[in-house]
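Just so you know, ligand 1 is whichever comes first in the structure, and atom 1 is the first atom listed for that ligand. Here the structure is a predicted model, which means the values were calculated and not measured.
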Amino acid sequence: MKKALITGITGQDGSYLSEFLIGKGYEVHGIIRRSSVDFRERIAHLEGHRHFHLHYGDMGDTLSIIQVVGKVQPDEIYNLAAQSHVQVSFDSPEYTANVDATGVLRILEAVRQCGLEQHCRIYQASTSELYGRVEEVPQNEDTPFHPYSPYAVAKLYGYWIVKEYREAYHMFCCNGILFNHESERRGETFVTRKITLAAARIRQGRQEKLYLGNLSSLRDWGYAKDYVECMWLILQHDKPEDFVIATGQQHTVREFCERAFHYAGLKLRWEGEGADEKGICEAVDDTTACGHLVGKTLVEVSPDFYRPTDVVNLLGDPAKAQRLLGWNPEKTSFDQLVKLMVENDMAKIASDDAAARVRCNLAEYLEKGIVK
Ligand code: NAP
Ligand code: G4F
């Protein structure tokens, strides 16, 4: 039985990758951080599985990383842990560098210190943010990098230190240069999930308006579940190489918004430009339930969500991954992705409401002595 160690196992990708690897017959180990509140929602269903094990550690703590690597003796490491929010990296650049840059070095060195360098294969979660202020469109493995945020600069170190250890010590370590990938488990402050949750809340009368930043930003959005398969394929390849993983299609934030509201039953039309642009409700699928929304402004721009430097034109060319790994970039379309995220969030908001009503009724019944 192969052993995989996943850093960032509680994150979007870590949770899907865990499921995928357990399905492939792996024993899966993950590094988690201690927290005063429960943060394991995405992997709760895996806890207790006989081939799923968690270890405390932190990417900023060298000793804990060496200890876990030494104890687990993994065949494969997937280094997914990161301060992964680009906008946050402008507020916490030093922390981001420690985790996203030096953290990668800690993993590579831990493997060497534990004498596993000729045995253990390592996947590094590199990113399309490396292309930053893009120098060509579409971007492939040979496109020059121009990182455009503290996050991207930290990830650039991670990218190069992986290459360096491959060349210097002949280690099997690879970069997956993944373009944006989203899902029902996406963190709630990334733009896609922020939009799908807001569309669901607005449709169900739980939110009035959605405030966004740059609506014209272009992204190549794929489905996270499809992308974790590629991480595994990269480590099964006969030689260590770096791969771009993308769909080859791009859309603006505005288009994502339009589709998400459409699947929530709300048709948007756009008026104005730049910071004055607004998304107005033109029609609804059910006038009884949400007819009052027609004519209302549901989306507005807030410069609070502008970034000091923003990456605005990402489009990946996945030809190498298609050719050498047999990966299919068209498995889940943009429309399917938006639809499944909205459906998930429509159900989530409805069930949160139902749970809140039960709590409310219970409090009332307790107060009136109806239940004891
Ligand atoms: P995510 O949901 O934000 O998950 C990040 C994970 O890293 C979480 O498990 C988090 O743990 C963990 N982490 C953060 N700081 C840590 C630390 N100091 N020590 C240990 N663990 C720490 O990110 P994701 O979307 O799954 O992305 C996975 C990786 O791919 C990241 O490296 C990201 O930068 C990269 N990437 C993502 C995309 C994308 O579109 N999703 C594209 C390209 C590259 P907590 O739960 O404790 O916070
Ligand atoms: O959803 P985002 O925050 O993702 P971003 O910055 O592309 O980063 C994600 O993808 C990277 C891969 O390219 C990963 F490496 C990284 O870890 C992360 O997963 O923003 C996407 C775009 C940006 O141009 C942003 O300016 O959407 C624009 N945007 C417009 N309004 C917004 C908002 N972004 C966020 N988060 N919130 C807004 O209100």
### Query
Can you check whether A82 has an N/O within less than 3.5 Å of an N/O in ligand 1?
yes
Heavy-atom proximity to atom 36 (N) of ligand 1 ranks first, among Y227, F179, Y151, for Y151
For Y95, the atoms of ligand 1 under 4.0 Å from one of its heavy atoms are 15 (N), 18 (N)
protein heavy-atom neighbour closest to atom 26 (O) of ligand 2 works out as D310 OD2, 2.8 Å
L314 heavy atoms within 4.0 Å reach ligand 2 at atoms 13 (O)
When distances are taken from atom 23 (C) of ligand 2, the protein heavy atom at minimum range is R219 NH2, 3.4 Å
Of all protein heavy atoms, the one nearest atom 36 (N) of ligand 2 is T189 O, 3.0 Å
Going by the 4.0 angstrom heavy-atom rule, the piece of S217 near ligand 2 is side chain
field: N or O pair under 3.5 Å between G8 and ligand 1
entry: yes
Do I177 and L156 sit in one hydrophobic cluster, given that two such residues count as connected whenever their side-chain heavy atoms are within less than 4.5 Å of each other, even indirectly? yes
So, regarding A125 and ligand 1 (criterion: nitrogen or oxygen to nitrogen or oxygen, under 3.5 Å), is there a contact or not? no
Ligand 2 to V311, heavy atom cutoff 4.0 Å, flagged ligand atoms 24 (O)
Within 4.0 Å of some non-hydrogen atom of S84, the atoms of ligand 2 are 16 (C), 17 (O), 18 (C)
Any heavy atom of Q83 sitting closer than 4.0 Å to ligand 2? no
Review point. Looking only at heavy atoms of L80, does any of them come nearer than 4.0 Å to an atom of ligand 1?
Key: yes
- Task: I would like to know whether D100 and Q83 meet side chain to side chain donor-acceptor pair (under 3.5 Å); could you show each step before the answer?
- Result: CA-CA 7 Å; D100 299 11; Q83 189 303 92; 5.2 Å; no
From the list F243, F172, W232, ring pair (Phe, Tyr, Trp, His ring centres under 6.0 Å) partner of H237 resolves to F243
> Looking only at N/O atoms, are H181 and ligand 1 under 3.5 Å apart anywhere?
Replying inline: yes
Under 4.0 Å between heavy atoms, the region of S126 that gets near ligand 1 turns out to be backbone
CG of N175 to CG of D242, rounded to nearest 0.5 Å, is 4.0 Å
V86 heavy atoms within 4.0 Å reach ligand 2 at atoms 6 (O), 8 (O)
- Query: Is the closest N or O pair between E129 and ligand 2 shorter than 3.5 Å?
  - Reply: yes
Looking only at protein heavy atoms, what sits closest to atom 31 (N) of ligand 2 is G213 N, 2.8 Å
Using a plain distance cutoff, I'd like to know if Q87 has any nitrogen or oxygen under 3.5 Å from a nitrogen or oxygen of ligand 2. no
Relative to each other, are the rings of F145 and Y131 parallel, tilted or perpendicular (30° and 60° limits)? tilted
Review point. Salt-bridged, D345 to R203, with N to O below 4.0 Å?
Key: no
Within 6.0 angstrom of Q67 CD, more than 12 heavy atoms from elsewhere
no
heavy-atom search around atom 4 (O) of ligand 2 in the protein gives N180 ND2, 3.7 Å
Checklist entry - Does a sphere of radius 6.0 Å around CD in Q73 hold more than 12 heavy atoms from other residues, nucleotides or ligands, not counting ones at 6.0 Å or beyond? => result yes
Nearest non-hydrogen protein atom to atom 20 (O) of ligand 2, with distance, is R307 NH2, 3.5 Å
> In terms of heavy-atom contacts, does CD of E41 have more than 12 from other residues, nucleotides or ligands at under 6.0 Å?
Replying inline: no
Y151 near ligand 2 by a heavy-atom separation under 4.0 Å
yes
NZ/NE/NH1/NH2 to OD/OE distance under 4.0 Å, K339 and E343: yes
Candidates T10, L130, D13, V86; heavy atom nearest atom 27 (O) of ligand 1 found on D13
Ranked by distance from atom 1 (P) of ligand 1, the top protein heavy atom is S84 OG, 3.7 Å
(request) Decide whether the shortest distance between a heavy atom of V99 and an atom of ligand 1 is less than 4.0 Å. (result) yes
So for R186 against ligand 2, with non-hydrogen atoms under 4.0 Å, the contacting part is side chain
Here the atoms of ligand 2 under 4.0 Å from any heavy atom belonging to S128 are 12 (C), 13 (O)
So for H85 against ligand 1, with non-hydrogen atoms under 4.0 Å, the contacting part is neither
Decide, yes or no, whether a salt bridge links E271 with R269 under the criterion of side-chain N to carboxylate O below 4.0 Å.
-> yes
No-hydrogen, no-angle side-chain donor-acceptor test under 3.5 Å, H29 and E27: yes
The closest protein heavy-atom partner of atom 21 (N) of ligand 1 is A81 CB, 3.6 Å
Check: N98/R106 side-chain N/O donor and acceptor closer than 3.5 Å | yes
Here the atoms of ligand 1 under 4.0 Å from any heavy atom belonging to R186 are 25 (O), 39 (C), 40 (O), 41 (N)
Nearest non-hydrogen contact to atom 16 (C) of ligand 1 from the set R33, M231, E182, R185 belongs to R33
Logged contact type for E129 with ligand 1, heavy-atom cut-off 4.0 Å, is neither
Per-atom filter on ligand 2: closer than 4.0 angstrom to a heavy atom of K194 are 38 (C), 39 (O)
Check this for me, if you would: do E76 and K2 make a salt bridge, where the nitrogen-to-carboxylate-oxygen distance has to be below 4.0 angstrom? yes
Which class fits the ring pair Y169 and Y165: parallel under 30°, tilted 30 to 60°, perpendicular over 60°?
perpendicular
Nearest non-hydrogen protein atom to atom 18 (N) of ligand 1, with distance, is D58 OD1, 2.9 Å
Check: Polar-atom distance check: N180 versus ligand 1, any N or O pair below 3.5 Å?
Finding: no
Any N/O pair T127/ligand 1 closer than 3.5 Å:
no
Nearest non-hydrogen protein atom to atom 4 (O) of ligand 1, with distance, is G11 CA, 3.4 Å
In ligand 2, the atoms that come under 4.0 Å of a heavy atom of F305 are 39 (O)
Numbered in order shown, the ligand 1 atoms found under 4.0 Å of a heavy atom of Q12 are 2 (O), 25 (O), 26 (O), 41 (N)
Checklist entry - Are F90 and T309 close enough that some pair of their side-chain heavy atoms sits under 4.5 Å apart? => result yes
M59 to ligand 1: N or O pair under 3.5 Å?
yes
At under 4.0 Å between heavy atoms, what of L212 touches ligand 2? The answer is both
Going by the angle between their ring planes, with limits at 30° and 60°, are W221 and F334 parallel, tilted or perpendicular?
parallel
Subject >> V191 N/O to ligand 2 N/O under 3.5 Å >> reply: yes
